[in-house]
Amino acid sequence: MLVGISGTLSSGKTEVARYLTFQGFKLLKYEHNEEQNHTNGHIMVDTPESEELNQEMEQLVIKYYSRMENYKTFTTLDSLLEFVTLNWRENYVITHIEDLTMLKALQKRPFFLHISTDAPTHLRFKRSKKQDIEDFIRHNDELLFNSDSPLLEINNQAQIKIINTSTSIKDLFIKLSELNLLDPSRLRPSWDSYFMRLADLAALRSNCMKRRVGCVIVRENRVVATGYNGTPRHLTNCNQGGCKRCNKGHGSGASLSTCLCLHAEENALLEAGRDRIRDESVLYCNTCPCLTCSIKIVQSGIKEVVYAQSYSMDAESHKVMSEANIIIRQFQPPIDGIFI
């Protein structure tokens, strides 16, 4: 695994990297040798204050690596990529990612995990030990909002975003341990994660005014059918006024008998048909099936139901499916953020 860390000024990038070295990760350093708009892998910004800012950034990088031991330095992106690809079974960490070209190249590798760090501005100012908060904010804004700096875009692409409000290294390390950064499903999603993401994707096609629901039916880890909720074909879409019930303020589960919308599970079951489902299929849904859908799931021969979000009639649905010996469980994805 290769972990890359980006983040705002004094947000804890160094300490996250230090935590990983305590877990056996080896530190990598990337330095540009080319005559371009970079120094030591950091963005150069063309403003009246750029010389002062980049000198300070360079000193921070030197100070950071002086606190770390046994790091390997690369002067070209190709040499870095070749090394981490050949040694992908080892664990490495590289910090202060502020080069968009480098990030895009690393994102293509299946062993790369991108982490960003941030914290409240006032807290980051206290950590920086600067005397003038306006000076700190000016430097911070140059890095985040200058048109020549891609740092904001880089941070937004992180798979894990850490909001580090900790006042002690110990507390930070405890919270990082709870994130379980070495979970292999962060690099390659488990079957549950994979199919639940497909269900979430299907939900984006929903036209129901009440809630977006997506469903995927799989057999032997192969997709049999997908579905999302909305009015039947040839009828006016729910979000265009096609279902009067959904366009009124009825509470969850109320007046379902007047609803014209087919549920995601119903659409997926109709698409699949019992012959394709048989007795070994699993239904993934981003919301727990309602009682009506649960009855149809039982009749169709589904053997397992996996859902993400709760619904207003979970207890009734669980009772029906459990009585029919259907396995039903709630999906818990890996934690993607940390708030201390």
Side-chain angles (χ1 to χ4, degrees), residues 185 188-233 237-239 242-243 245-246 250-257 259-336:
S185 67
R188 188 186 188 202
S190 65
W191 286 119
D192 277 0
S193 295
Y194 176 65
F195 292 125
M196 197 59 73
R197 289 185 189 183
L198 292 181
D200 287 335
L201 181 62
L204 296 179
R205 285 288 303 167
S206 169
N207 63 64
C208 181
M209 289 294 289
K210 297 297 288 185
R211 72 173 69 222
R212 284 178 163 180
V213 182
C215 177
V216 176
I217 297 175
V218 304
R219 189 178 70 241
E220 297 177 350
N221 291 331
R222 297 293 183 268
V223 174
V224 174
T226 63
Y228 55 86
N229 58 327
T231 47
R233 63 178 63 186
N237 285 337
C238 181
N239 59 2
C243 177
R245 181 261 176 186
C246 289
H250 295 297
S252 177
S255 302
L256 288 178
S257 61
C259 183
L260 295 182
C261 288
L262 284 165
H263 289 189
E265 302 93 319
E266 292 176 309
N267 274 322
L269 291 170
L270 288 169
E271 177 69 23
R274 182 174 172 82
D275 288 342
R276 294 176 64 199
I277 291 174
R278 291 183 287 207
D279 294 325
E280 63 268 10
S281 294
V282 181
L283 183 146
Y284 288 86
C285 194
N286 68 344
T287 305
C288 184
C290 70
L291 181 58
T292 302
C293 285
S294 297
I295 295 171
K296 295 173 182 178
I297 289 169
V298 170
Q299 187 68 8
S300 70
I302 293 287
K303 75 166 185 178
E304 184 175 1
V305 171
V306 184
Y307 69 94
Q309 305 171 40
S310 294
Y311 189 50
S312 58
M313 51 184 71
D314 287 13
E316 293 89 342
S317 298
H318 275 252
K319 181 179 179 180
V320 166
M321 287 188 275
S322 296
E323 186 175 343
N325 296 319
I326 293 176
I327 300 170
I328 181 168
R329 56 189 174 86
Q330 188 167 12
F331 171 69
Q332 297 292 340
I335 301 172
D336 290 331

[atom1]-[atom2] distance between [X] and [Y], expressed to the nearest 0.5 angstrom:
{"X": "Asp314", "Y": "Gln309", "atom1": "CG", "atom2": "CD", "answer": "10.5 Å"}
{"X": "Ile277", "Y": "Leu283", "atom1": "CD1", "atom2": "CG", "answer": "8.0 Å"}
{"X": "Leu262", "Y": "Leu270", "atom1": "CG", "atom2": "CG", "answer": "6.5 Å"}
{"X": "Asn207", "Y": "Asn229", "atom1": "CG", "atom2": "CG", "answer": "7.5 Å"}
{"X": "Glu316", "Y": "Thr292", "atom1": "CD", "atom2": "OG1", "answer": "11.0 Å"}

> Is the closest basic N to carboxylate O distance between Arg222 and Glu220 below 4.0 Å?
Replying inline: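 Looking at Arg222 and Glu220, the cut-off is not met.
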
> Does Lys296 pair with Glu266 as a salt bridge, N-O distance under 4.0 Å?
Replying inline: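 Yes, this pair counts.
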
Flag if over 12 foreign heavy atoms under 6.0 Å of [atom1], [X]:
{"X": "Phe331", "atom1": "CZ", "result": "yes"}
{"X": "Asp275", "atom1": "CG", "result": "no"}
{"X": "Gln299", "atom1": "CD", "result": "no"}

> Aromatic rings Tyr284 and Phe195: how do their planes relate, parallel, tilted or perpendicular, breaks at 30° and 60°?
Replying inline: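 Rings of Tyr284 and Phe195: tilted, 30 to 60°.
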
Give a yes or no on whether the backbone of [Y] and the side-chain of [X] come within a donor-acceptor separation of less than 3.5 Å.
{"X": "Arg329", "Y": "Val306", "value": "no"}
{"X": "Ser317", "Y": "Ser294", "value": "no"}
{"X": "Asn286", "Y": "Ala308", "value": "no"}

> Got Ser206 and Val213 here, is their nearest side-chain heavy-atom distance under 4.5 Å?
Replying inline: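 Contact flag for Ser206/Val213 side chains = no.
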
> Can you check side-chain contact (heavy atoms from CB on, under 4.5 Å) on Leu260 and Cys238, steps first, answer last?
Replying inline: CA-CA 8 Å; Leu260 295 182; Cys238 181; over 6 Å; no

